[in-house]
Structures are given as C-alpha cells and as structure tokens.
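Quick notes on the structure that follows.
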Amino acid sequence: MNFQNLPPIESSKTLLDLAFRRARERSTAKKLTGKWLDIIKRKESTKIDSIKDTLVTKFLAILQSFPKEYDLSSFYVKLMNLTLDYPVYKKSLASVNWGSTRIRTFHRQYASKINKARDRQAITHLSKEYYGRISSILKQLDKHFHYLEKSRTIMRTYPDIKEMFTICIFGFPNVGKTTFLNKLTGSTAMTAPYPFTTTSINTGYTEINGHKIQVLDVPGTLGRAAKMNNIELQAKLVVDELAKVIIYVFDISGESAYTLEQQEELLHKISKDHLILIYLSKKDLLSQNQINRFPHKHFSLEEINKEIELLVEI
Ligand SMILES: Nc1nc2c(ncn2[C@@H]2O[C@H](COP(=O)(O)OP(=O)(O)OP(=O)(O)O)[C@@H](O)[C@H]2O)c(=O)[nH]1
Ligand SMILES: [Mg+2]
C-alpha cells in the first residue's frame, strides 16, 4: 500500500465554500427559457444537485482512498494502531460515510419538494432549509475531517514495505546506518554528519543468489521504551515484526557521541529476541589497536553478505 498518495482533506468550511461556489456557477451557466416559476425551480434544482454532487464526490474520494483494515497486511494494521488513535480514525471514516448518505437523502427530499412547490417564496424557503441542513452535516463532520487529515500526515511517513526476506539496520543516531544501507544495496539514501538525518524508514533492495532482500534502515533511535515518537514507534515495529536479521551498527570512533556502554545497552535490549550481526562502522577512523579491543564479534560487509546468503537459503 502506498500511503503517499492519500488526498489532502479540506475543512468543512472550504468544502462548503467550494460546493456553493460551483452551485452558483452551474445555475447561471445556462440561460433558461419557459415559464417563470419553472425557470426558478430549475435554477434551484441545479443548485441543490450541484451541492450534493460536489460533496458526495469528495466524500467518496476519501472513503475510497483511506485504508480500511481489510485492505492491509497485519504489519500496517499494527502500525496504524500504534501511531493513530485507531478507533477515532475508524469512527471518522464511518462519519464521512454517514454524511454522504445524509446528503443524498436530503437531496432527494428537497428536490421533490422544490419540484412540487407552487410559488417563489416556497422555493426560496425550501432551498434555504436544504442549505441549512447541508451546512449542519458539514459542521458535524469537521472534527472528523480534521482527524483524517492529521492521520494522513502520519500515514505519509509510513514506509513502503514489501513482504519478503527483511533485514533491519539498527543503532544509535549518526553511527553510519544509512551509509551501510547504501553500501549493501547500492541505494543513495541521504547521510549527513549529524544525528537524526533519517527521519523515516529508508528502504533498499538487494539480490543475493536470486533471492530478493529488503533492507530497512530505521532512524537512529535512543531506545527509550516510553514516550516514543511516531518514527521511533515505526522503527520498533519494523524491528519486532519484520526483521529476520538485525545488523547492529556500532560507532566507537567518538563521532556519534554515544559511548560504547550506551550502544551495548541498546544492543542488549534487542538481542533477546533477534538474530544480530554486528557491524563496526568508521573503521578508517580507528587504529588497529582500537579495533582489536572492541569486545564483540563483528562482521565486514562481505561477511554480512555471506551470512545473509546462508540465512536466506534456510
Ligand atoms: N569516516 C567515515 N565516516 C563515515 C562512515 N560511515 C558513515 N560515516 C559518516 O558518519 C556520518 C553519519 O552517517 P549516516 O549514515 O548518516 O548515519 P545514520 O546512523 O544513518 O544517522 P541517522 O540517520 O541520523 O541516525 C556521515 O557524515 C557519514 O559520512 C565510515 O565508514 N567512515
Ligand atoms: Mg540515517
């Protein structure tokens, strides 16, 4: 599922302004002839049709493009539950559906009443009543539109994950995770000499012995259990749910500002449930002595490739 193309959601006021403006334009577009009362009826009918059409079309676009549970893999359902207030999200979509039905019902009722009206005053009165009802529906929907728009901005940061053998690159900020992703997969994700460069999950792909492999570079996490932000939550879910192997990147060059002990603590946390391969980055900045003193078994890029080759065959 590609979450990048979800349409932006306007406020109730913007939608109403648009619907009324289009209605005015449509009702004055054609010069009508015939009996005076019929002309008024046709003008008003055109307006109320146009308002219904504009709004229902907009609502349908929302309902068709915003994902529902049955459209998604369990990973994305969990991701939505983790990063959104999922019951509120579902209620907001249900409310848009309710709004669409109400607008069509009112439209049918008022179209019929206007058609039967006998004088200009009655038609004007009915039109005003219809506009009032539509405005009231839109007012009730405003908070739901607002929540869907907020959800959209969160969903836009979701990674485009495929169901295939997945490796995660993990570690503290600025240790060289994205640089390693680029080396492993030949991708060109952005790297920079400061922490938190990667603000959403980078994906790269590589092929080993005919097996396609997805490599996810998750943003530098500080491994805080509580109060994780949206991206940290995504990172944790990716690691917990998808990773067959984690490549844990250590930086002991002093560039990343985290001590060996801090990096070991995070490694310890994730080691319990995962298969880990340690990669020592920035070796060009280290002396042979420093490398020798590093207390963990670590793998070069070529060795990591070989290990993955073995794992993917299993
Ligand atoms: N000298 C040297 N610098 C490296 C190496 N690997 C990464 N760097 C540098 O370290 C800095 C951080 O690298 P990134 O790959 O952006 O680090 P990251 O872990 O993805 O950082 P965040 O996304 O911010 O968490 C960049 O300036 C890289 O050029 C390396 O092997 N040697
Ligand atoms: Mg990065």
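We're numbering straight along the sequence, starting at 1. Start at 1 and go down the list; that is how both ligands and their atoms are numbered.
Taking the ring-ring contact (aromatic ring centres under 6.0 Å, His included) definition, one finds that F294 meets it with F250, H296, H298, sequence neighbours left out. Residues forming a side chain to side chain donor-acceptor pair (under 3.5 Å) with N115 (at least two apart in sequence, or on another chain): none.
Taking any N or O of S281, backbone or side chain, none lies under 3.5 Å from an N or O belonging to ligand 1. Below 3.5 Å of separation, one finds an N or O of T178 facing an N or O of ligand 1. Distances between N or O atoms of T179 and those of ligand 1 include at least one value under 3.5 Å.
Of all atoms in ligand 1, listed by their number and element, those nearer than 4.0 Å to a heavy atom of D284 are 1 (N), 2 (C), 30 (C), 31 (O), 32 (N). Close contacts of ligand 1 with L285, meaning ligand atoms under 4.0 Å from a residue heavy atom, involve 1 (N). Heavy-atom contacts of P173 reach the following atoms of ligand 1: 25 (O) (cutoff under 4.0 Å).
Which of G176, S256, S253 comes nearest to atom 17 (O) of ligand 1 through a heavy atom is settled by distance: it is G176.
Side-chain contact check for Q214 and Y205: at least one donor-acceptor pair (N or O, by modelled atom type) lies under 3.5 Å. With no hydrogens or angles considered, a side-chain donor-acceptor pair links S11 and T14 at under 3.5 Å. With 3.5 Å as the limit, one finds no donor-acceptor pair spanning the side chains of Y158 and Q234. One side chain, Y86 or E69, offers a donor N or O that lies under 3.5 Å from an acceptor on the other.
Among the backbone and side-chain atoms of T179, no N/O/S atom is found under 2.8 Å from the Mg ion (ligand 2).
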